[in-house]
**Student:** 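Please find one structure pasted underneath; my questions will follow.
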Amino acid sequence: MLNNMVECKDLIYQYPGNEEEQGKIAINGVSLNVKKGEFLVVLGRNGSGKSTLAKHINALLLPSGGKVYVNGLDTADTKNLWEIRNKAGMVFQNPDNQIVATIVEEDVAFGPENLGIEPEEIRKRVDESLKRVGMYDYRKHAPHLLSGGQKQRIAIAGILAMRPECIVFDEPTAMLDPSGRKEVLKTIKDINKTYGITIILITHFMDEAAEADRIIVMDQGNIIMEGCPREIFSQVPVMKKIGLDVPQVTELAFELQRNGIDMTTNILTIDEMVEALCQLK
Ligand code: ADP
Ligand code: MG
């Protein structure tokens, strides 16, 4: 049994250039293993190479140097392409660009239809996927009338219907309002915990990152930090220096400590902050 869902070995990616200028080296020697069933968050400011890395995981981009393996399959080997695209689904920022049909259940059926799956099996998968994202009651609705969070959940159902082992989310909540963000994050956590699907989530929201098993931080095409959320977010000055935030309560703890209050900076949640403050009495 393979232990890793994704393996990147010394991955380099340079975008194609033109006569005037060389293409940008967007990934510059990344090695990364993502375990089966892991919930990995990727942080990094704009242009750090997150989306470029994500596109390597379902072979939308192929390495300029190094290797990417998905479930042990080399993405550069064209005969693996079909299997890799089935194993690793991708959800993007804008739900409107991902919805193709005018009725929710037809949209969710689109992926498995393209895989050539039997109609009866498709029916089963569509219903099951819509239930998993909590959108079964909306199966006859028109997607364009739904909220952003609901549309993203439909997009997720469409991927789930293809029975992937891994889903890469590239800033799936960036265009959503706070309640939409919550819905989508809950759905992502759910499909990870309940169905064991490996999750790679690119996000700018630190409260989302705090939910991960592990975080990697990218900067200029490299991984510059790696660890569990507590390890990453305890590095407040480092995170600030590279232009990233930490969760608000973590920063509050850091500032309180800096101002001479005896408290741990190892705080990620409001509950932990309340407990730490109560202990001060
Ligand atoms: P992120 O997702 O972290 O914001 P990207 O992976 O999109 O970063 O981009 C990494 C670098 O590659 C950036 O400098 C960006 O300008 C460059 N880049 C991204 N897409 C292209 C492209 N299609 N052609 C050329 N350069 C690109
Ligand atoms: Mg991006």
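Residue numbers count from 1 along this sequence. Whatever order the structure lists ligands and atoms in, that order sets their numbers, starting from 1.
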**Student:** Looking at Val108 and Ala161, what are the two nearest heavy atoms and their distance?
**Tutor:**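 Minimum heavy-atom contact is O-CB, 3.7 Å.
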
**Student:** Quick one: does any side-chain atom of Asn222 pair with a main-chain N or O of Ile224 as donor and acceptor, under 3.5 Å?
**Tutor:**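 Absent.
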
**Student:** Side chain, backbone, both or neither: which part of Arg45 comes within less than 4.0 Å of ligand 1 when only heavy atoms are counted?
**Tutor:**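 For Arg45, only backbone atoms sit under 4.0 Å from ligand 1.
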
**Student:** Check whether any side-chain N or O of Glu231 sits under 3.5 Å from a backbone N or O of Cys228 as a donor-acceptor pair, and report yes or no.
**Tutor:**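 Flag set: sc Glu231 to bb Cys228 pair under 3.5 Å.
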
**Student:** When you measure from the side chain of Asn4 to the backbone of Val6, do you find a donor-acceptor pair of N or O atoms at a distance under 3.5 Å?
**Tutor:**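 No: the side chain of Asn4 does not pair with the backbone of Val6.
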
**Student:** Tell me whether the guanidinium CZ or amine NZ of Arg132 lies under 6.0 angstrom from the six-membered ring centre of Tyr195 and within 45° of its axis.
**Tutor:**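 Verdict for Tyr195: a cation-pi partner in Arg132.
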
**Student:** Is it true that atom CD of Gln220 has more than 12 heavy atoms of other residues, nucleotides or ligands lying nearer than 6.0 Å?
**Tutor:**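 Check fails, neighbour count at 12 or below.
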
**Student:** Looking only at protein heavy atoms, which one is nearest to atom 9 (O) of ligand 1, and what is the separation?
**Tutor:**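 Minimum-distance protein heavy atom for atom 9 (O) of ligand 1 reads Thr52 OG1, 3.8 Å.
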
**Student:** Report yes if some N/O of Gly49 lies less than 3.5 Å from some N/O of ligand 1; otherwise report no.
**Tutor:**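 Looking only at distances, the answer is yes, because the N/O contact criterion of under 3.5 Å is met.
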
**Student:** Would you say atom 18 (N) of ligand 1 makes contact with the protein, given that contact here means a non-hydrogen protein atom less than 4.0 Å away?
**Tutor:**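 Within 4.0 Å: yes, protein heavy atom nearby.
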
**Student:** Which protein non-hydrogen atom lies closest to atom 23 (N) of ligand 1, naming both residue and atom, and how far is it?
**Tutor:**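 Protein heavy atom with the smallest distance to atom 23 (N) of ligand 1: Tyr15 CE2, 3.6 Å.
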
**Student:** I need the nearest protein heavy-atom contact for atom 15 (C) of ligand 1: residue, atom name and distance, please.
**Tutor:**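 Atom 15 (C) of ligand 1 sits closest to the protein heavy atom Lys24 CG, 4.7 Å.
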
**Student:** Hey, is Ser48 one of the residues with a heavy atom under 4.0 angstrom from ligand 1?
**Tutor:**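 Yes, Ser48 has a heavy atom closer than 4.0 Å to ligand 1.
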
**Student:** Which residue is it: Glu183, Glu211, Glu208? I am looking for the one with a salt bridge (Lys or Arg N to Asp or Glu O under 4.0 Å) to Lys189.
**Tutor:**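 The option that passes is Glu211.
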
**Student:** Looking at non-hydrogen atoms alone, which of Ala54, Ser51, Ala26 comes nearest to atom 2 (O) of ligand 1?
**Tutor:**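 It is Ser51 that holds the nearest heavy atom.
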
**Student:** Give the contacting part of Lys50 toward ligand 1: side chain, backbone, both or neither, where contact means a heavy-atom distance below 4.0 Å.
**Tutor:**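 Both of them.
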
**Student:** Nearest heavy atom to atom 4 (O) of ligand 1 wins, so pick from Gly47, Gly17, Gly23, Pro16.
**Tutor:**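 That would be Gly47.
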
**Student:** Please identify which atoms of ligand 1 are closer than 4.0 Å to at least one heavy atom of Asn46.
**Tutor:**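 Atoms satisfying the 4.0 Å criterion: 4 (O).
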
**Student:** Examine Ser51 and say whether one of its N/O/S atoms is closer to the Mg ion (ligand 2) than 2.8 Å.
**Tutor:**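 So Ser51 counts as coordinating the Mg ion (ligand 2), yes.
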
**Student:** Indicate, with yes or no, if the rings of Tyr136 and Tyr138 have centres closer together than 6.0 Å.
**Tutor:**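 When the ring centroids of Tyr136 and Tyr138 are compared, they turn out to be at least 6.0 Å apart.
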
